[in-house]
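Both counts, for ligands and for their atoms, begin at 1 and track the order of listing.
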Amino acid sequence: MPVPKVPSRRRGVPTDPETEPMTAEETIDASDARRIDVGTAGVILAGGRSTRFDGGDKALASVDGVPLVVRAADAVEPLSDHLVVNCRDDQRDALADALAAVSIPTTFAPDPMADRGPLFGLRTALRHADARYAVVVPCDMPALTTAFLAHLAARAEGSTGAAVRWDGAVEPLPLAVHVRAGEVACTETLRDGRHDLRSLVEALSPAFVSESTAAAHGAPAILRDVDTRADLGSVARE
Ligand SMILES: Nc1nc2c(ncn2[C@@H]2O[C@H](COP(=O)(O)OP(=O)(O)OP(=O)(O)O)[C@@H](O)[C@H]2O)c(=O)[nH]1
């Protein structure tokens with residue numbers, strides 16, 4: 001099956017990453033051609049600094065005794081052939097300890113440069129994904145359900161991906177994305193000087209889950225993220 005075409009947003013400017021000059025950091029390894037293009041990867045984005053979360057990495061903070069990163073893994077694991085965890089190098093050991101019980105193969109994908117934002121982190125993760133599609137979740141959305149992610153993944157089939165629109169605005173995470181199309185769109189978006197996941201979703205032009213379907217799955221509660229200690233407390237009380 002061909003890679004779904006990512007709509008080009010830059011008229012008159014070459015946008016093919018195979019022909020456009022690349023920085024060393026963007027060079028795609030030749031082994032890409034041998035990468036597997038079937039199945040689904042679960043991707044957890046965990047490379048943020050948790051600056052609003054008073055003390056420590058929020059990915060390791062617990063709700064009902066279960067670390068947020070483990071909740072993220074539990075949600076994507078039933079849909080995935082393998083798991084890719086994007087993080088910084090210095091987070092890796094603690095995250096690996098927390099995720100020791102994950103039963104599918106798990107790859108850590110540390111960013112070559114820290115603090116470049118979640119879009120950069122997603123591209124790093126997609127480069128480690130041997131799969132046709134990836135179901136991407138942040139480490140800090142503890143109420144996400146496998147059932148909702150399964151719906152998102154099903155919506156993505158045959159498209160560049162699927163995302164959620166809530167109250168008229170794009171919610172860039174969780175996201176189901178065609179791995180190769182996603183890599184191209186991440187690279188183009190970063191080259192355009194945009195570093196946010198909403199710009200990626202705009203570039204991908206994916207399918208969208210309707211608000212009524214999202215609501216039937218428990219939105220907005222399932223989409224609540226944890227930024228602060230207070231957020232953690234209120235999620236735990238629900
Ligand atoms: N790889 C990578 N991921 C990031 C980066 N910033 C945020 N993320 C991830 O993106 C998702 C949303 O993160 P935010 O809550 O907006 O940011 P955060 O850095 O984790 O937290 P704050 O420092 O409080 O803003 C989380 O899964 C983060 O781990 C980054 O610079 N690199």
Side-chain angles (χ1 to χ4, degrees), residues 25-26 41-63 66-77 80 83-99 102 106-129 134-144 148-149 152 161 163-164 166 169-177 179 182-183 185-187 189-190 193-201 204 220 222-235:
E25 149 215 329
E26 288 173 340
V43 167
I44 300 176
L45 298 180
R49 289 276 175 189
S50 307
T51 49
R52 286 167 288 174
F53 194 78
D54 191 19
D57 186 348
K58 64 182 170 183
L60 299 171
S62 294
V63 171
V66 182
L68 296 187
V69 71
V70 176
R71 287 177 167 265
D74 287 347
V76 291
E77 190 178 332
S80 309
L83 188 64
V84 180
V85 182
N86 167 248
C87 59
R88 295 184 311 278
D89 246 339
D90 60 280
Q91 295 174 287
R92 187 182 173 136
D93 289 351
L95 290 173
D97 280 351
L99 293 169
V102 170
T106 300
T107 302
F108 287 85
D111 284 325
M113 276 166 282
D115 306 325
R116 296 287 294 264
L119 176 51
F120 188 84
L122 175 58
R123 187 176 64 161
T124 304
L126 293 179
R127 287 180 171 181
H128 285 76
V135 176
V136 184
V137 298
C139 63
D140 61 358
M141 236 177 234
L144 274 177
F148 182 63
L149 296 175
L152 199 63
V164 182
W166 187 257
V170 169
E171 292 287 342
L173 293 173
L175 176 72
V177 64
V179 170
E183 278 187 55
C186 284
T187 297
T189 305
L190 290 164
R194 291 171 299 141
H195 297 265
D196 61 295
L197 290 168
R198 278 195 180 82
S199 292
L200 170 73
V201 173
L204 274 174
I222 57 165
L223 302 175
R224 279 190 54 184
D225 58 353
V226 169
D227 290 324
T228 64
R229 290 263 170 202
D231 291 341
L232 192 70
S234 55
V235 170

For the residue pair Ser80 and Ala41, what are the closest heavy atoms and their distance?
OG-C, 3.9 Å

Taking only residues two or more places apart in sequence or in another chain, which ones pass side chain to side chain donor-acceptor pair (under 3.5 Å) with Asp90?
Arg88

With sequence neighbours excluded, residues passing ring pair (Phe, Tyr, Trp, His ring centres under 6.0 Å) with Phe148
His217

Exactly which residues line ligand 1, taking a heavy atom under 4.0 Å from it as the test?
Leu45, Ala46, Gly47, Gly48, Arg49, Ser50, Thr51, Arg52, Lys58, Asn86, Asp111, Asp115, Arg116, Gly117, Pro118, Gly121, Pro138, Cys139, Asp140, Asp227

Answer yes when Asp115 and Arg49 have at least one side-chain N-carboxylate O distance shorter than 4.0 Å, and no when they do not.
yes

Under the rule for side chain to side chain donor-acceptor pair (under 3.5 Å), what residues qualify as partners of Glu77, not counting sequence neighbours?
Ser103

Does Asp54 pair with Arg229 as a salt bridge, N-O distance under 4.0 Å?
no

